[in-house]
Amino acid sequence: MDEFNQGLVARVQAARRGVQEAVASHNPAAVSTAVDELEDALRSARENGLEVPPTGADDAAAARTEPTAGPVP
């Protein structure tokens, strides 16, 4: 993935965090602004042919690829 696409993915991830933070703050104006940013970031990614994984997909993928620790002898 090139630097531009990495930037788009980072923007989407930051926008998703922004929505979560805005919701947690119980501030409707902040939620509206954060959702607008997320929609814009996702639109930019789509326009550039970039498929951004859904929220939590990174965590699920990491869980599948990380070895699990066995019992301690």
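FYI, the numbering just counts along the sequence from 1. These numbers were taken from a predicted model, which means no experiment stands behind them.
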Mind checking side-chain contact (heavy atoms from CB on, under 4.5 Å) for Asn5 and listing every partner two or more places apart, or none if nothing turns up? Met1, Asp2, Leu8, Leu50
Minimum heavy-atom separation for [X] to [Y], with atom names?
X	Y	answer
Pro28	His26	CD-O, 3.5 Å
Ala22	Ala34	CB-CB, 4.1 Å
Val12	Leu38	O-CD1, 4.0 Å

To the nearest 0.5 Å, what is the distance between CD on Glu37 and OG1 on Thr33? 10.0 Å
Glu47 CD: over 12 foreign heavy atoms closer than 6.0 Å: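 Yes, the 6.0 Å shell around CD holds more than 12 heavy atoms from other groups.
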Qualifying salt bridge (Lys or Arg N to Asp or Glu O under 4.0 Å) pairs with a residue from residues 12-36, counting only residues at least two apart or across chains: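 Output for this query is empty, none listed.
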Partner residues of Asp40 under the side chain to side chain donor-acceptor pair (under 3.5 Å) criterion, sequence neighbours left out: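 Once residues adjacent in sequence are excluded, the partners of Asp40 under the side chain to side chain donor-acceptor pair (under 3.5 Å) criterion are Arg11, Arg43.
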